[in-house]
Amino acid sequence: MQSPVLTAGQPHEYLLTPGKNDKTLTFSCRFSPRPRGNMPTFAETQKNSRQQWEAFWKSGGAVDFGGTPDPRAKELERRVVLSQYLTKLQGAGSQPPQETGLVLNSWYGRPHLEMHWWHSAHFALWGRTPLLEKSLTWYARPDVRAEARKIAQRQGYDGVRWQKMTDPWGQEGPSSVGAFLIWQQPHFIYFAEQAYRAHPDAATLQLYQDRVAATADFMASFPFYEKDKGRYILGPGVIPAQERFKAEQTFNPTFELVYWHWALSTAQQWRVRQGQPRSPKYDDVLAKLSKLPQEGGVYLATESAPDSYTNPEFKTDHPSVLGALGIMPATGQQDAATMRRTFDLVWKDWSWDKTWGWDFPMTSMTANRTGLPDKAVDALLMPVRTNTYLPSGHNYQEGRLPIYLPGNGGLLAAVALMCAGYDGAPTANPGIPKGWTVKWEGLSKMP
């Protein structure tokens, strides 16, 4: 009997030809920069896959909207189930995934670390913290940390500045935007805090403290102190999560101010938990960090853009101002009434046809935290192209991005927030509208 034959074709191309009498062709392959040991057979892989998927579906959280008369409930439940499957399949590996997972390359196959929150934060909220923690090992790798420390040192900062667009070994990809983004920086502290909430013990503190401290050291050294105003500012030299602002002009983006405050406050808590003194530098930044910029009774996207809602360009892309009380909890910086007015303005006037898949979960989170459960559901099911979920469950954006996993992960985070709520939530199921029936288990509160 003739065995399958493997032959080389063009560079990086191989042809596997089955034997003439073969009825089934099976093979195993491993992509690695260096030779490795024996690989499991197809049969072994198939057996393991069946075992792992059964274990996955028998663990973690579950949500049931059955009995809800609103016909949209069935569609939301479909998206929830398929998003659990897709995020486990495509984004639960040992490093942050790219936005199209393992299916096709996006942005030259490079992961974007600012998207890691959207890919993975939901795992902890759905009772699957180990799937989140698996990807956190990437930040502990010597090559990755060395590169992040090198970036901070080259720019005159302390600690580590986590990369934006990176390869698996921590090398940054060239980008006119990536060098100026900062909202990926607090993510590691958020993830570590999620891990601690899942297992609040000394082992968790010991495992993550070095990376939490190095992350916070950069964050404390990054703001610029304006002596004449007695305050620290973020920027200029930043591009916010809403990538519509010129780096050389932009300072004090609202969402980043809140995330900075929350992360430094949490890093201080980590020090206290271990019996360490509070960092005077962290406290100084926390005490003097700029107030959230506002005008006309609403929060601005950035202090440097008083035309945040009159310039049409600034009403496109991510409405990240909403993340200041949505992704983020109340930190003492936000005024609830001002955020409510900001939400109402964004909801009415934003160019929703020029947004991305995770913008709808983010908007839902803000609706939830501002006491608008009907809008929390409306946002998740807004009839916009970038909020399309294909029969496969993939969040479709456009032809070049038929798959967008941050949308799937964001959906799961938003639904967990709707059901389990958040620290200090005034009611149970705070994001569930009246008239909806929900049963859930295994979900955790957001901070």
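All residue numbers in this chain count up from 1 along the given sequence.
Using the six-membered ring where Trp is involved, Tyr259 and His187 have ring planes that are tilted, between 30° and 60° apart.
Across all non-hydrogen atoms, the minimal contact from Thr129 to Ala195 is CG2-CA, 4.1 Å. For the pair Gln268 and Tyr282, the tightest heavy-atom approach, listed with the atom from each and the gap, is NE2-CB, 3.3 Å.
Looking only at atom types and distance, the side chain of Thr355 has no donor-acceptor partner in the side chain of His318 under 3.5 Å away. The closest side-chain donor-acceptor pair between Asn408 and Trp118, if any, does not fall under 3.5 angstrom. Of the N and O atoms on the side chains of Thr363 and Trp347, not one donor lies less than 3.5 Å from an acceptor on the other residue. Between Gln46 and Asn48, the side chains place no donor N or O within less than 3.5 Å of an acceptor N or O (distance only, hydrogens not considered). Remark: the Arg110 side chain and the Thr166 side chain contain no N/O donor-acceptor pair separated by less than 3.5 Å. For Gln209 and Arg273, the side-chain atoms include no donor-acceptor pair closer than 3.5 Å.
Residues Asp359 and Lys354 are not paired through a salt bridge, judged by the lack of any N-O separation under 4.0 Å between the basic side chain and the carboxylate. With respect to Glu54 and Lys58, a salt bridge is recorded, a charged nitrogen being found less than 4.0 Å from a carboxylate O. Here Lys150 pairs with Glu147 in a salt bridge; the nearest charged N to carboxylate O distance falls below 4.0 Å. The pair Lys434-Asp374 fails the salt-bridge criterion, with no side-chain N (NZ, NE, NH1 or NH2) lying under 4.0 Å from an Asp/Glu carboxylate O.
A cation-pi geometry, defined here as NZ or CZ lying under 6.0 Å from the six-membered ring centre and within 45° of its normal, does not hold between Lys164 and Trp183. Cation-pi contact between Arg145 and Trp169: absent, since separation from the ring centre below 6.0 Å together with deviation from the ring axis within 45° is not met. Cation-pi geometry between Arg78 and Phe65 is not met: the NZ or CZ atom fails to fall both under 6.0 Å from the ring centre and inside 45° of the normal.
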Problem - Verdict with reasoning, Ser106 to Gln98, per side chain to side chain donor-acceptor pair (under 3.5 Å) - result: CA-CA 7 Å; Ser106 52; Gln98 61 167 328; 3.2 Å; yes
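Among the candidates Trp117, Phe218, Tyr139, the single residue satisfying the ring-ring contact (aromatic ring centres under 6.0 Å, His included) test with Phe188 is Tyr139.
Among residues at least two apart or in separate chains, ring-ring contact (aromatic ring centres under 6.0 Å, His included) pairs with a member in residues 384-413 are Trp356-Tyr404.
The closest donor-acceptor contact from the side chain of Arg161 to the backbone of Ile182 lies at 3.5 Å or more, if one exists at all.
The shortest side-chain heavy-atom distance between Pro329 and Tyr422 does not fall under the 4.5 Å cut-off.
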